[in-house]
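Comments concern the structure below.
Order of the sequence lines fixes the chain letters, A, B, ..., with proteins taken first and strands second; residue numbering starts at 1 for each chain.
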There are 2 protein chains.
Amino acid sequence: MTDDTPKSGRRRQARGEQRIAQLLDAAAEVFAEQGFKGASTNAIAARAGASPGTLYQFFKNKEALAEALMARYVERLREAHGEAFDLRVARLPLDELLDRVVDPLIAFDRAHPGFAVLLADPHLSPELAAAKRPAQQAMFERLDAIFAARAPRLPEAERRRTAEVAVHLFRGLLPLIMAAEEGDELAAVTAEAKRAIGAYLGPVIGTGPSEGTQAGGDRPASA
Amino acid sequence: MTDDTPKSGRRRQARGEQRIAQLLDAAAEVFAEQGFKGASTNAIAARAGASPGTLYQFFKNKEALAEALMARYVERLREAHGEAFDLRVARLPLDELLDRVVDPLIAFDRAHPGFAVLLADPHLSPELAAAKRPAQQAMFERLDAIFAARAPRLPEAERRRTAEVAVHLFRGLLPLIMAAEEGDELAAVTAEAKRAIGAYLGPVIGTGPSEGTQAGGDRPASA
DNA sequence: AGGAAACACGAGCAATCACTCGTATTTTAA
DNA sequence: TTAAAATACGAGTGATTGCTCGTGTTTCCT
């Protein structure tokens, strides 16, 4: 990220690392407020307390800045998931599984408002879209792994489709989640999100502590 | 729309109406491809086969253009809904109700790709955001009316919340729906959307032909 | 027929944008 | 101590944007 191939020359100074962090923080804020296109690099530099020239010393262009920000998000996302997402949750009752998966995700998204904005923007360049992929994969793959552990007899195609749909269901509720104010409103929206996702997942991966696979009761054969 | 207060002076010519339609068509395309911010008015005019000056004869600025486009979408949405959304569907089994509601919505969104783009953009000016509201209300209110007819004993607050969540669940799946290619893939995604929304709605408004209200079996009390 | 208004054009204006560059300061390594 | 590298600045550049305006053409009404 920021700048590869430092093949020769001296090392980056601590000052530089701080500036990069400041610039990424500022970029996160401005992207969250204005979107990628609407954010000006001069505004980002100003909010970071730096000049445009300084910004371009660390990032070769606006896109590279967004890519570096995405990379930092992915890093933090992995940290946040690491604990909450290990495969033992697969054996929990569905309610608890959802608590363990949804709560940290909501906390992360609310703590990093620029993340959802960048993720949701469908008009990014191919390079930036590629930078988004690890973030989506991070969520999708872990969900998929949980499903695989919980319902090993579920066909892979169906399992993958289910994981993808579940991710999109959550993303659909994100605007509601982001807009809710901390407290009762957020709790209500969170509960509703879990209810919606749980209702969708239940017939496929089971509601109880993982019974492996069970042939769901009233689940229609897929068309 | 376009220009109010034509208090005096002569009437709009047929040529003008055609130009407006061309400009709105072009705007829909360019907004869908580039987003609102990314679309340039010169590009829209060019795609409509007109000059910038002509565009600004009918729309006082870029925002008014988008507002007029939104207004046209709302108009068409009401037409598309009118038949499919009347309250008799409330008495159908949930599966059929979903068919009647979801299928036309998917058809509309796929036929008007600019619509979803404008609706989903969270970085629009207050005026444009206000222009979006009728579209969201159109969907929300009719859903709410259906729920009210189907489950009259459901508390209003819960009913409204359910309608809103249902709309967001659908919107979350929209990217999948828009990206699917006509045929098997679209059919599969459509079925999955109905399954997800139906699973969420079933415990609240009942799966059978409306029994009024029924106390759902395993619905947990909201936290 | 003829005048007025609607329609049309497109060069160009002012503002903004992403980005550069010449220069000055701070840090590092010898 | 000192030279090179890293960091920092910010006015400026070229491109693009939303939009205007002078001018010409088409349509309508009488």
Check your understanding: Between C:dG10, C:dC19, D:dT17, which nucleotide gets closest to the side-chain atoms of B:Ser51?
Key ->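 My answer, after comparing the listed nucleotides, is C:dG10.
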Exercise for review: Remember a base hit wins even if backbone is also touched, and classify B:Ala45 as base, sugar-phosphate or nothing at under 4.0 Å, heavy atoms.
Suggested key: nothing
Are any protein N/O atoms closer than 3.5 Å to N/O atoms in nucleotides 11-14 of chain D? If there are, list each pair with its distance.
none

Practice item. Would you tell me if any nitrogen or oxygen in the side chain of B:Thr41 comes within less than 4.0 Å of OP1 or OP2 on D:dG18? Key: yes
Point to revise | For A:Glu181, salt bridge (charged side-chain N to carboxylate O under 4.0 Å, His left out) partners two or more places apart | key: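 Partners of A:Glu181 by the salt bridge (charged side-chain N to carboxylate O under 4.0 Å, His left out) criterion come out as none, since no residue qualifies.
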Considering only nitrogen or oxygen atoms on both sides, find all protein atoms under 3.5 Å from nucleotides 28-30 of chain D and state each distance.
unit_1 : atom_1 : unit_2  : atom_2 : d
D:dC28 : O4'    : B:Arg10 : NH1    : 3.1
D:dC28 : O2     : B:Arg10 : NH1    : 3.0

Solution key, residues 128-139 of chain A side-chain donor-acceptor pairs under 3.5 Å, sequence neighbours excluded:
unit_1   : atom_1 : unit_2   : atom_2 : d
A:Lys132 : NZ     : A:Leu119 : O      : 2.9
A:Lys132 : NZ     : A:Asp121 : O      : 3.3

**Study point:** All ring pair (Phe, Tyr, Trp, His ring centres under 6.0 Å) counterparts of A:Phe36, not counting sequence neighbours
**Key:** A:Phe31
Review point. Who passes ring pair (Phe, Tyr, Trp, His ring centres under 6.0 Å) against B:Phe108, sequence neighbours left out?
Key: B:His112, B:Phe115
Check your understanding: Do the charged groups of A:Asp103 and A:Lys194 touch, with an N to O distance under 4.0 Å?
Key ->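 Yes.
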Study note, to complete from the structure: By nearest-nucleotide position on DNA chain C, the 5'-leaning member of A:Tyr56 and B:Gly49 is B:Gly49
**Study point:** First encountered from the 5' end of DNA chain C, between A:Lys37 and A:Thr54
**Key:**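 Closest to the 5' end, via its nearest nucleotide, is A:Lys37.
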Exercise for review: Mind checking side chain to side chain contact (heavy atoms under 4.5 Å, CB included) for B:Ala148 and listing every partner two or more places apart, or none if nothing turns up?
Suggested key: B:Arg159
Point to revise | Residue pairs, two or more places apart or on separate chains, that pass ring-ring contact (aromatic ring centres under 6.0 Å, His included) and touch residues 172-196 of chain B | key: none
Point to revise | Pairs involving residues 154-201 of chain A, ordered by first then second residue, that meet ring-ring contact (aromatic ring centres under 6.0 Å, His included) (sequence neighbours left out) | key: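 For residues 154-201 of chain A: none.
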Check your understanding: Under a 4.0 Å heavy-atom cut-off, which of residues 121-128 of chain A touch DNA chain D?
Key ->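 Contacts with DNA chain D under 4.0 Å: none.
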Exercise for review: Would you mind listing every side chain to side chain donor-acceptor pair (under 3.5 Å) that reaches into residues 47-56 of chain A, with sequence neighbours excluded?
Suggested key: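 Passing the test, one end in residues 47-56 of chain A: A:Glu29-A:Arg47, A:Glu33-A:Arg47, A:Thr41-A:Tyr56, A:Ser51-A:Thr54.
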Review point. With sequence neighbours left out, what residues match B:Gln22 under side chain to side chain donor-acceptor pair (under 3.5 Å)?
Key: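 Partners of B:Gln22 under the side chain to side chain donor-acceptor pair (under 3.5 Å) test: B:Arg19.
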